[in-house]
Amino acid sequence: MPLGHIMRLDLERIAQEYVVPCLHDIGFCYLDNFLGEVVGDCVLERVKRMHRDGELADGQLAGPSRGVAKRHLRGDQIKWIGGTEEGCEAINFLLTLIDRLVMYCGSRLGKYYVKERSKAMVACYPGNGTGYVRHVDNPNGDGRCITCIYYLNKNWDSKLHGGILRIFPEGKSYVADVEPIFDRLLFFWSDRRNPHEVQPSYATRYAMTVWYFDAEERAEAKKKFRNLTDARKREAPLNED
């Protein structure tokens, strides 16, 4: 049986028998050893090179403080990539596999219909005790429905290095701690069901995040944004001296 066919069957089974049930039951799930050592190393080396070459910039806040970097709230450095850039073949392979997994979830995601996603956000916490305070990825209906994070940290010891992603599932009496270990792929709902935080990191911590959009909510969000932009343009002459 061709390798591609085996991979397709495996991804389809994982999506339908594990990812979908976990998302519906507890709101999140993760897969370990997703790419394997060799390909995972290729992704890690490319991300390290971006960091080493100074390609990462301070992460910005969304919402009321949109576009503002506040290191006490969010301490990561980031770069947005499509995966087709030179030298990003392993990253592109990773993104293709994640896309297939989400596609195989299909109509089983309930009300969501996914047909596009964001670019990938490469993120580094530099290990100086910074993290990301508790927040919700999509509190206001911007279209994001699934957050997917791939971790790249070898020999990570959370007792020593910190950096845990802590999820506070809505309406539950427990929290879920996810260690950012190498070759781990995490999924969770992006809306108010999953407030989460990145606890302070005391070693260099790498991750890559993509967000999948619900088509209807995304279209509505774009429409609202266009209307708001048009309204501001109409008001602009009134503010001139």
Side-chain angles (χ1 to χ4, degrees), residues 1-16 18-19 29-60 76-106 109 114-127 137 143-156 163 165 178-188 190 198 201 203-213 215 218:
M1 184 180 293
L3 180 60
H5 185 54
I6 294 172
M7 185 175 292
R8 182 184 69 79
L9 291 175
D10 285 347
L11 287 174
E12 189 170 10
R13 179 179 55 81
I14 291 168
Q16 296 178 7
Y18 178 66
V19 176
C29 68
Y30 57 80
L31 303 166
D32 285 341
N33 307 308
F34 184 67
L35 290 181
E37 189 86 13
V38 174
V39 183
D41 271 339
C42 292
V43 175
L44 175 57
E45 287 309 311
R46 185 66 184 90
V47 168
K48 281 183 175 179
R49 196 181 321 148
M50 291 179 199
H51 186 204
R52 192 167 57 242
D53 293 348
E55 297 179 33
L56 309 184
D58 287 351
Q60 307 292 305
D76 56 344
Q77 297 173 319
I78 68 168
K79 178 181 175 70
W80 293 94
I81 60 171
T84 57
E85 297 87 347
E86 184 178 354
C88 289
E89 292 80 7
I91 291 174
N92 192 52
F93 179 69
L94 166 65
L95 296 176
T96 299
L97 290 188
I98 301 173
D99 287 346
R100 288 181 184 173
L101 260 179
V102 174
M103 180 188 71
Y104 287 135
C105 291
L109 292 172
V114 176
K115 64 177 185 180
E116 63 175 325
R117 62 160 166 79
S118 68
K119 286 187 173 183
M121 186 187 77
V122 175
C124 168
Y125 289 87
D137 284 354
R144 289 180 289 177
C145 61
I146 296 174
T147 300
C148 185
I149 308 175
Y150 180 71
Y151 292 111
L152 288 155
N153 308 294
K154 290 195 167 186
N155 305 310
W156 192 267
L165 181 88
V178 180
E179 294 184 279
I181 64 174
F182 178 75
D183 207 18
R184 169 172 284 177
L185 181 66
L186 169 68
F187 295 88
F188 58 88
S190 304
V198 177
S201 296
T204 304
R205 178 191 188 275
Y206 294 115
M208 190 178 305
T209 305
V210 290
W211 287 271
Y212 288 86
F213 298 110
R218 185 63 171 168

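This structure is a prediction, so every number in the text was calculated from the model and none was measured. The chain is numbered in sequence order, starting from 1.
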As an exercise, state the distance from [atom1] of [X] to [atom2] of [Y], rounded to the nearest 0.5 Å.
X      : Y      : atom1 : atom2 : answer
Ile81  : Arg46  : CD1   : CZ    : 7.5 Å
Cys29  : Leu185 : SG    : CG    : 8.0 Å
Cys88  : Leu94  : SG    : CG    : 11.0 Å
Met50  : Lys79  : CE    : NZ    : 6.5 Å
Asp10  : Tyr104 : CG    : OH    : 10.5 Å
Tyr125 : Gln77  : OH    : CD    : 11.0 Å

Of all heavy-atom pairs between [X] and [Y], which one has the smallest distance, and what is that distance?
X      : Y      : answer
Cys105 : Val19  : SG-CG1, 4.0 Å
Ala120 : Met208 : CB-CG, 3.9 Å
Pro126 : Thr204 : O-OG1, 3.8 Å
Tyr151 : Ala207 : CD2-CB, 3.7 Å
Tyr30  : Leu186 : CB-CA, 3.9 Å
Cys124 : Leu56  : CB-CD1, 3.7 Å

My understanding is that only residues two or more places apart in sequence, or in another chain, count here; which of them pass side chain to side chain contact (heavy atoms under 4.5 Å, CB included) with [X]?
X      : result
Lys154 : Glu37, Asp41, Leu44, Phe182
Glu45  : Lys48
Cys145 : Tyr112, Val114, Asp214
Cys42  : Ala90

Applying side-chain hydrogen bond (donor to acceptor under 3.5 Å, both in side chains), can you list everything that pairs with Asn33, at least two apart in sequence or on another chain?
none
With Thr209, which residues qualify under side-chain hydrogen bond (donor to acceptor under 3.5 Å, both in side chains), at least two apart?
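By the side-chain hydrogen bond (donor to acceptor under 3.5 Å, both in side chains) rule, Thr209 matches no residue at all.
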Could you work out, with salt bridge (charged side-chain N to carboxylate O under 4.0 Å, His left out) as the rule, every residue matching [X], not counting sequence neighbours?
X      : answer
Asp32  : Arg184
Glu179 : none
Arg218 : none
Asp99  : Arg117

Look at the side chain of [X] and the backbone N and O of [Y], then say whether any donor-acceptor pair between them is shorter than 3.5 Å.
X      : Y      : result
Ser190 : Asp137 : no
Asn92  : Thr84  : no
Asp183 : Phe34  : yes
Glu85  : Gly83  : yes

Are any of the side-chain heavy atoms of [X] and [Y] separated by less than 4.5 Å?
X      : Y      : result
Val43  : Phe93  : no
Leu101 : Leu31  : yes
Ile146 : Leu109 : yes

Hits for ring pair (Phe, Tyr, Trp, His ring centres under 6.0 Å) against Tyr206, two or more places apart or cross-chain, chain-then-number order -> His51
Taking only residues two or more places apart in sequence, or in another chain, which ones meet Phe188 in a ring pair (Phe, Tyr, Trp, His ring centres under 6.0 Å)?
His196
Considering residues, nucleotides and ligands other than Asp53, do more than 12 of their heavy atoms fall under 6.0 Å from its CG?
yes
Taking it one step at a time, do Val122 and Trp80 satisfy side-chain contact (heavy atoms from CB on, under 4.5 Å)?
CA-CA 6 Å; Val122 175; Trp80 293 94; over 6 Å; no
